[in-house]
2 protein chains.
Amino acid sequence: MTGSKIRNMEQFAAVTGISRPTVSKYFHNPQSVRQSTRERIERALEQHDYRPNIFAMNQNRKLTKNVGIVVPYLADPFFAEIARNIEERCIAAGYTPTLYSSHGEQSLEVEILRSLRSLKPAGVLMAPLGRISDKAAIKKFCADVPTVLFDSSLQDLGIAFVGSDNPQFSMLIVDYLCRTGTPPCFFEMKTPTNPNANKRRQGYLQAMSHLGHKPTIVQVPGEGWHFEEIGRREGINAIKAGRFTTDTVLCSNDRLAIGFLTACFETGLKVGRTAGCDIRVAGQDDHPFSRFTCPPLTTIAQDYEAVSRHAVETLFKAIQGDVTTHEATYFEGKLVMRDSA
Amino acid sequence: MTGSKIRNMEQFAAVTGISRPTVSKYFHNPQSVRQSTRERIERALEQHDYRPNIFAMNQNRKLTKNVGIVVPYLADPFFAEIARNIEERCIAAGYTPTLYSSHGEQSLEVEILRSLRSLKPAGVLMAPLGRISDKAAIKKFCADVPTVLFDSSLQDLGIAFVGSDNPQFSMLIVDYLCRTGTPPCFFEMKTPTNPNANKRRQGYLQAMSHLGHKPTIVQVPGEGWHFEEIGRREGINAIKAGRFTTDTVLCSNDRLAIGFLTACFETGLKVGRTAGCDIRVAGQDDHPFSRFTCPPLTTIAQDYEAVSRHAVETLFKAIQGDVTTHEATYFEGKLVMRDSA
DNA sequence: ATATAAATTTAACGCGCGATAAATTTTGGG
DNA sequence: CCCAAAATTTATCGCGCGTTAAATTTATAT
């Protein structure tokens, strides 16, 4: 590393002995220049750690290499994990991802889209808030920026949707629960944050009907993204009110289930699938913490490896112009048997 | 909203009937223009939703309004929460925060600093990886960009450090545990990720010595950021090997404790502080999930409201030139009594 | 060696805004 | 109504790079 400070591409090009337009071309796509040229640039790059000014680069280019990643609630480790997964894939593809969290608020989600516009992103991967999203604002955004929605579908907005086959989730776990014990009640929030919950309820109803059992749905109040607290507080209420008609409870999602496990603990119900247990509890998602509840939570694992991979691939295809019609992809979940049910 | 598309500040200025330099001044600081002028601009702003081109804005300004926020591992909800808190404070102060996670990897942390440089941030708030951080790289970065370190201290790098009084944490909980039952063993990773763990061990030793008890430290192997899994796996090993000399275990942090609770469950140990329980378990941090373990985890709550507030305030002071000498601030924790100990 | 295609160089403009200096207008106090 | 101070306008550069067209060099095939 020589001490010389390089201020711009002009000076860097001078060091390499190559003209600036060619150097510029290299940074745009290293494969677009001759190998000998590439090697000379890269040799100089090792000695001077020059980087093109990111602001100057982007201002005069209609399409940047920026990619926006928007999740509804980053304090949920599920979204943190999937965001990380997506982030890595974007970097590997030579893009610069920027991560945003809507923190459960409509106003923030809208503001994020505003900010994103000014970044002129090549594309955006977005998990919308869901029910409380400003659909009109998102629709408008999708019209201007190639956007792939994931996790939570929003009408047919964006160039594609990638998520999970939620009805299949519920049907799978209902089938398992019925095979191994009493048919489950379904525990959920009355006003769920996103449509996935509705599809899971449908799946539950369908599976129960198919197996010839009478369904019981326990809906509880609660707003916002503190699902564990809602599961705990309203779980206690529902247990005390005797709203669960069988000794098996299927929760709409894992975070609700984690809170419900606490509710069981605090009301003295022993959770598990062995003799001497009072209640079986199952979730859906395979949340990172589900492995560590007591007892560990039986659940349906989202294939978020597949979701993130397909979402990213779809976006990059669309960016490269292989735009077709809107397409929705749903990945199946897998049963994860643990000790809670 | 009129249909006219405004492409740049020139055109927007024309619409308002005000000159471009004045409009520019407004965007730099709305208070710097006359009220009547401000009102005219804001009226036009409502009709045309024009925003200055962010790239053009920043390229020719030595100091931007960007602020970098770097956390070591975003999939840990603790960091997600504190990042969110810091983010909001930055926005409220008129800055544009960008969030990065090192994902537990040195190479990524270094790369993030490289990227941050090219964003010309006004300042950076960084929770370093700790032990595996590339200290030289961070030192170099701190020399160029005003940086406040938080959560995990790294020598005396940066303009300030803001974190928790870790020895106090351990002393507080040791005192509590000794008052209410048998003195605790200390459960930790052999090679902790950051210096906080060492300070907590010191606090434990000091408190035990002060109270006249013989300390027992159980160190277990394990690398990376999957603390829960390490706590579970190595917890089982340590329990089976009879390494815990008393029926009370103080874990170095909550995530380890969450895993250790699972270990207790899987080895048949009943956790709690009531008659009939086999073991008491306590953590440190008040992790968002600690409220929902079974039993809920007794722990020491980090004051991350105070940490994030003071970190942001310190940074903005430094940015405004009130740079003094390096200063470290440590906030005390509060005992959160729950049912695990 | 020669023709042809491919890569590079040269030259020059534009992007949208920051920044500045000098000229002009507006404001507010007496 | 006048004047000094404050705010705004006018005019003009510069930032660092993208982009283009024409001229030139280099590589590849015949």
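Letters A, B, ... are given to chains in the order of the sequence lines, protein chains preceding strands, and every chain is numbered from 1. Keep in mind that the numbers below use all heavy atoms, side chains included, and drop hydrogens, waters and symmetry copies.
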Q.
Looking at every non-hydrogen atom in both residues, tell me the closest pair between B:Pro146 and B:Leu315 and how far apart they are.
A. O-CD1, 3.6 Å

Q: Please state how far atom NZ in B:Lys65 lies from atom P in C:dG18, giving the value in whole angstrom units.
A: 13 Å

Q. Does any pair with a residue in residues 143-160 of chain B pass side chain to side chain donor-acceptor pair (under 3.5 Å), and if so which ones, sequence neighbours excluded?
A. B:Arg117-B:Asp144

Q | Trace of the salt bridge (charged side-chain N to carboxylate O under 4.0 Å, His left out) decision for A:Arg84 with A:Glu88 | A | CA-CA 6 Å; A:Arg84 170 191 172 164; A:Glu88 280 174 0; 3.3 Å; yes

Q: Quickly work out the A:Arg38 CZ to D:dA27 P distance and round it to whole Å.
A: 14 Å

Q | B:Phe55 CZ to C:dC17 P, straight-line distance once rounded to whole Å | A | 12 Å

What nitrogen or oxygen pairs link the protein and nucleotides 14-17 of chain D at under 3.5 Å?
unit_1, atom_1, unit_2, atom_2, d
D:dG14, N2, B:Asn60, ND2, 2.7
D:dC15, O4', B:Asn60, OD1, 3.3
D:dC15, O2, B:Gln59, NE2, 2.4
D:dG16, N2, A:Gln59, NE2, 3.4
D:dC17, OP1, A:Tyr50, OH, 2.4
D:dC17, OP1, A:Asn53, N, 2.9
D:dC17, OP2, A:Met9, N, 2.3

Q | Whole angstrom value for the distance that separates P of D:dG18 from CZ of A:Phe12 | A | 13 Å

Q.
Output the rounded distance in Å from NZ (A:Lys25) to P (D:dG18).
A. 13 Å

Q: Give me the ring orientation class for A:Phe55 and B:Phe55: parallel if the planes are under 30° apart, tilted from 30 to 60°, perpendicular past 60°.
A: tilted

Q.
How many whole angstroms separate atom CZ of B:Arg34 from atom P of D:dA5?
A. 17 Å

Q) Please give, in whole Å, the distance from D:dA6 C1' to B:Gln31 CD? A) 16 Å

Q. OP1, OP2 of D:dT10 versus side-chain N and O of B:Ser19: anything below 4.0 Å?
A. no

Q.
If the threshold is 4.0 Å, N to carboxylate O, is there a salt bridge linking B:Arg309 and B:Glu305?
A. no

Q: Taking only the side-chain nitrogens and oxygens of B:Thr37, find out if one of them lies under 4.0 Å from OP1 or OP2 of D:dT8.
A: yes

Q. A:Glu87 and B:His103: side chain to side chain donor-acceptor pair (under 3.5 Å), yes or no, with the steps?
A. CA-CA 11 Å; A:Glu87 211 176 32; B:His103 296 322; 2.9 Å; yes

